[in-house]
Amino acid sequence: QYNRVWIPDPEEVWKSAEIAKDYRVGDKVLRLLLEDGTELDYSVNTESLPPLRNPDILVGENDLTALSYLHEPAVLHNLRIRFAESKLIYTYSGIILVAMNPYKQLPIYGDAIIHAYSGQNMGDMDPHIFAVAEEAYKQMARNNRNQSIIVSGESGAGKTVSARYAMRYFATVSKSGSNAHVEDKVLASNPITEAVGNAKTTRNDNSSRFGKYTEISFDEQNQIIGANMRTYLLEKSRVVFQGVPKNLIIQEWEAILSLRV
């Protein structure tokens with residue numbers, strides 16, 4: 001079924017439609033049949049044809065690169081189907097892991113899940129942050145070279161939580177018993193590093209306005225021996241003035257109250 005396309009929609013962003021009449025080069029209008037049964041004459045030209053929709057058999061793929069047509073509506077639709085219908089928050093796009101924040105705890109991060117992903121190749125099991133962490137850990141141990149995992153996303157996307165799960169994975173598979181909660185020690189420093197430069201956004205009441213670089217050190221037995229964290233790229237535009245000290249505010253209120261008395 002390659003006679004279906006995506007058209008922009010002000011409410012749903014993209015809406016699916018079926019081509020009701022064959023398109024010929026030079027046609028200015030494309031006759032479409034929407035999913036609610038209404039017909040639509042959609043204005044087109046040879047340079048702005050609507051993107052084709054993937055066949056149903058490919059919808060819900062765990063790797064976006066497996067889609068026949070890879071464009072914005074196809075990506076959004078595939079992620080929505082996996083998240084809303086299959087209750088899956090992780091999807092691959094090649095070596096990239098796309099994560100949807102469910103804004104609730106999920107039972108997919110326990111020790112049993114960690115051991116299930118340990119030793120597996122990245123594409124052997126369902127997409128997961130543990131699969132990415134295992135690939136980095138395996139490459140480090142096999143090639144004796146530093147590895148990096150970049151966690152990016154908008155405010156409230158779950159970057160800090162994803163980083164914590166990755167560190168928990170390293171602490172568990174490295175069998176460093178005394179450092180099993182090294183991620184807690186690293187994240188415990190967050191209040192200090194976020195004391196300056198944080199701001200409230202629509203999705204996060206305490207969004208840090210700078211990036212974090214967390215470095216985890218391993219010994220020759222591939223066991224965690226320590227970690228350190230640095231911040232960078234502070235958005236100075238967020239820090240517009242120095243906050244008034246708390247004791248000064250109290251003195252001002254005491255002065256106001258004394259005047260009223």
Side-chain angles (χ1 to χ4, degrees), residues 6 13-14 16 51-143 145-174 183 186-187 203-204 211-214 216 218 222 224:
W6 293 101
V13 184
W14 293 97
S16 177
L52 293 173
R53 177 169 173 170
N54 286 289
D56 291 338
I57 194 174
L58 295 179
V59 175
E61 279 285 338
N62 63 5
D63 193 335
L64 295 174
T65 60
L67 300 177
S68 297
Y69 304 106
L70 188 59
H71 41 58
E72 179 183 325
V75 169
L76 294 177
H77 181 64
N78 198 75
L79 293 177
R80 180 174 63 179
I81 292 297
R82 287 178 60 81
F83 181 78
E85 297 185 7
S86 302
K87 309 302 180 184
L88 299 171
I89 67 171
Y90 291 119
T91 305
Y92 286 134
S93 181
I95 62 173
I96 300 172
L97 179 69
V98 181
M100 303 283 288
N101 191 343
Y103 290 98
K104 65 179 181 180
Q105 294 291 334
L106 297 178
I108 58 173
Y109 302 104
D111 288 347
I113 305 296
I114 292 179
H115 292 303
Y117 278 87
S118 179
Q120 302 292 327
N121 293 322
M122 191 168 175
D124 290 347
M125 300 185 66
D126 290 336
H128 201 289
I129 183 64
F130 290 161
V132 176
E134 168 62 23
E135 185 67 18
Y137 184 76
K138 186 179 357 180
Q139 293 293 334
M140 179 202 67
R142 179 184 302 168
N143 302 323
R145 297 184 61 181
N146 295 336
Q147 303 293 315
S148 297
I149 299 177
I150 300 175
V151 184
S152 64
E154 63 179 0
S155 176
K159 298 182 291 297
T160 300
V161 175
S162 294
R164 181 167 67 241
Y165 287 140
M167 287 185 284
R168 179 184 300 172
Y169 185 88
F170 295 140
T172 302
V173 299
S174 65
E183 76 280 0
V186 174
L187 295 177
R203 295 184 178 89
N204 194 345
K212 298 186 184 69
Y213 176 77
T214 304
I216 304 177
F218 296 82
N222 300 320
I224 294 178

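All values below were derived from every heavy atom in this structure, side-chain atoms included, with hydrogens, water molecules and symmetry-related copies excluded. Source: prediction; values computed, not measured.
Across W6 and P73, no two heavy atoms sit closer than the pair CG-CB, 3.5 Å. Closest heavy-atom contact between A74 and L67: O-CD1, 4.1 Å.
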task: Show the numbers, then the answer: is there a side-chain contact (heavy atoms from CB on, under 4.5 Å) between S118 and Y137?
output: CA-CA 10 Å; S118 179; Y137 184 76; over 6 Å; no
message: Show, in sequence, the C-alpha distance, side-chain angles and deciding distance for R168 and I114, and conclude whether the side-chain contact (heavy atoms from CB on, under 4.5 Å) test is met.
response: CA-CA 9 Å; R168 179 184 300 172; I114 292 179; 4.2 Å; yes
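Listed for the R145 side chain is no donor-acceptor partner under 3.5 Å among the backbone atoms of M140. The closest donor-acceptor contact from the side chain of D63 to the backbone of T91 lies at 3.5 Å or more, if one exists at all. Listed for the N78 side chain is no donor-acceptor partner under 3.5 Å among the backbone atoms of V59. When atom types are taken as modelled, the side chain of E134 and the backbone of G119 share a donor-acceptor pair closer than 3.5 angstrom.
Here the rule is side-chain contact (heavy atoms from CB on, under 4.5 Å) with K138, and of V173, N121, N222 only N121 fits it. Of the candidates I108, N101, I129, I89 forms a side-chain contact (heavy atoms from CB on, under 4.5 Å) with just one, namely I108.
More than 12 heavy atoms of other residues, nucleotides or ligands shown are found within 6.0 angstrom of CG on L106. Environment of CG in N143: crowded, with over 12 heavy atoms of neighbouring residues, nucleotides or ligands closer than 6.0 Å.
In terms of the ring-ring contact (aromatic ring centres under 6.0 Å, His included) criterion, Y92 has no residue partners (sequence neighbours excluded).
Taking the six-membered ring where tryptophan is involved, the planes of F130 and Y117 are perpendicular, since the angle between them exceeds 60° and thus also 30°. Between Y90 and Y109, the ring planes lie perpendicular to each other; the angle is over 60°, past the 30° to 60° tilted range.
A distance of 13.0 Å separates CD1 of I81 from CG of L58, quoted to the nearest 0.5 Å.
Side-chain atoms of R82 and M100, non-hydrogen and from C-beta on, never get closer than 4.5 Å to each other. Side-chain contact between I95 and E135: absent, with no pair of heavy atoms (C-beta onward) separated by less than 4.5 Å. Counting heavy atoms from C-beta outward, W14 and E72 have side chains that approach closer than 4.5 Å.
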